[in-house]
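Have a look at the structure below, then the notes.
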Amino acid sequence: MGVLNVTPDSFSDGGRYTSLDAALRQAEQMLADGAAIIDVGGESTRPGAAPVSEQQELDRVIPVVEALHRELDALVSVDTSTPAVIRACADAGAGMINDVRSLRRPGALEAAAGTGLPVCVMHMQGEPGTMQNDPFYEDVTAEVIAFLEQRVAACVDAGIPRDKLLVDPGFGFAKTVQHNLRLLAELSQLARLELPLLVGLSRKSLFGKVLDRPVEQRLAGSLAAAVMCVERGARIVRAHDVKETVDGVRFAHAVHRSL
Ligand SMILES: Nc1nc2[nH]c(S[C@@H](C(=O)O)c3ccccc3)nc2c(=O)[nH]1
């Protein structure tokens with residue numbers, strides 16, 4: 001899953017793709033590099049980021065989704081929590097909803113159910129603006145699993161078939177370094193959910209803290225983590241550096257096929 005940030009303040013490519021043409025070129029490159037999905041995000045979930053209005057999010061995301069669908073026929077995932085954006089993106093040709101808030105906003109469950117699209121639900125405590133203020137867990141892995149089970153049940157109750165759901169532990173969302181490391185070490189336990197596992201670690205501050213690397217020097221750490229996640233059952237890896245990540249994942253698969 002290649003990351004296409006169309007927010008002016010997304011931390012790793014700060015607004016480089018605000019122009020539609022640049023976004024298309026980047027998406028085309030990621031597909032050529034082996035991405036199966038392009039994840040389009042119009043709301044920066046950076047801690048402390050200014051909230052984006054619904055219209056701003058629509059203006060950023062819809063033209064990109066339409067162009068990706070029309071020009072590249074790509075499987076487009078939309079990183080949004082906003083019901084109006086969920087509906088508009090489905091109409092514009094999006095193929096998947098990726099909501100870091102797990103459809104907890106009022107109307108989001110109904111909007112997602114109405115689109116018939118696959119949905120990824122992700123663990124996060126609280127909101128991006130405050131989530132890193134001293135997050136606490138008795139057992140982070142058990143609590144992430146319980147949260148995901150609860151969101152899966154809410155989606156099924158809202159009419160989203162279970163076979164349209166994916167789960168994601170939400171690395172870097174409301175978690176300390178220790179929480180993230182523990183969650184990765186115990187990632188195999190999420191197999192209990194019996195749903196496809198999506199992970200997103202690419203270039204996150206976790207690598208800055210553990211490896212003391214700035215965001216532009218986190219490829220090695222991100223690749224190590226991607227391979228570790230695949231070895232522990234991850235089926236989709238959300239990444240900025242698609243070409244390199246695809247090679248790492250392909251190599252991990254080759255090793256597993258030898259068994
Ligand atoms: N499903 C799924 N969707 C995601 N969207 C993101 S935004 C994140 C980033 O690093 O891109 C981010 C976090 C904080 C600030 C900026 C960007 N992370 C995930 C993830 O881990 N899983």
Side-chain angles (χ1 to χ4, degrees), residues 1-17 26 30 35-52 57 60-61 75-82 85-86 94-104 112 117-133 135 144 147-148 151-152 155 165-175 179-180 183-184 187 190 193 195-209 213-216 218-219 221-222 225-226 229 234-242 245:
M1 176 186 268
V3 180
L4 187 64
N5 272 330
V6 290
T7 56
D9 66 349
S10 42
F11 76 109
S12 65
D13 42 26
R16 204 184 308 152
Y17 308 122
Q26 169 65 10
M30 291 195 287
I37 307 168
I38 302 294
D39 190 43
V40 179
E43 178 212 2
S44 165
T45 40
R46 192 162 42 78
V52 174
E57 206 181 337
R60 281 178 191 162
V61 173
L75 173 50
V76 178
S77 161
V78 180
D79 206 331
T80 184
S81 304
T82 312
V85 178
I86 289 172
M96 177 177 152
I97 296 156
N98 173 29
D99 182 8
V100 297
R101 293 180 183 81
S102 298
L103 301 174
R104 282 179 290 164
L117 292 180
V119 176
C120 177
V121 291
M122 189 198 82
H123 175 268
M124 169 168 60
Q125 246 180 17
E127 277 290 323
T130 58
M131 66 184 177
Q132 289 307 116
N133 299 341
V144 164
F147 172 92
L148 292 171
R151 294 317 299 161
V152 164
C155 288
L165 294 174
L166 301 92
V167 292
D168 181 329
F171 286 112
F173 286 89
K175 296 170 185 82
H179 293 142
N180 287 309
L183 196 51
L184 176 42
L187 194 64
L190 272 71
L193 293 161
L195 287 170
L197 180 60
L198 191 158
V199 294
L201 274 150
S202 179
R203 299 184 188 170
K204 286 191 174 176
S205 59
L206 170 65
F207 303 108
K209 292 171 190 155
R213 295 280 185 250
V215 65
E216 62 278 359
R218 293 177 186 166
L219 174 57
S222 300
C229 286
R235 301 277 300 284
I236 301 177
V237 175
R238 184 175 179 277
H240 300 85
D241 306 289
V242 171
T245 306

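The figures that follow rest on heavy atoms only: side chains count, while hydrogens, waters and symmetry mates do not. First listed ligand is number 1; within each ligand, the first listed atom is number 1.
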*With atom 11 (O) of ligand 1 as the reference point, say which of Met124, Arg238, His123, Met1 has the nearest heavy atom.*
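Heavy atom nearest to atom 11 (O) of ligand 1 belongs to Arg238.
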Check ligand 1 against [X] and write out every atom of the ligand that is under 4.0 Å from a heavy-atom position of the residue.
X      : answer
Leu198 : 1 (N)
Met122 : 2 (C), 20 (C), 22 (N)
Val100 : 3 (N), 4 (C), 5 (N)
Asn98  : 1 (N), 2 (C), 3 (N)

Can you find an N or O of [X] that's nearer than 3.5 Å to an N or O of ligand 1?
X      : value
Ser202 : no
Lys204 : yes
Asp168 : yes

Backbone of [Y] reached by a side-chain donor or acceptor of [X] within 3.5 Å:
X      : Y      : value
Lys175 : Pro169 : yes
Ser102 : Met122 : yes
Lys204 : Gly200 : yes
Thr80  : Thr82  : yes

*By salt bridge (charged side-chain N to carboxylate O under 4.0 Å, His left out), which residues pair with Asp39, not counting sequence neighbours?*
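Arg238.
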*asked:* Among residues at least two apart in sequence or on other chains, which ones pass side chain to side chain donor-acceptor pair (under 3.5 Å) with Asn180?
replied: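 Per chain and number, Asn180 pairs via side chain to side chain donor-acceptor pair (under 3.5 Å) with no residue.
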*At the 4.0 Å heavy-atom cut-off, does Val3 count as touching ligand 1?*
no
*Can you tell me if Arg101 and Ser81 form a side-chain donor-acceptor pair at under 3.5 Å?*
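The criterion, which ignores hydrogens and geometry beyond distance, is satisfied for Ser81 and Arg101.
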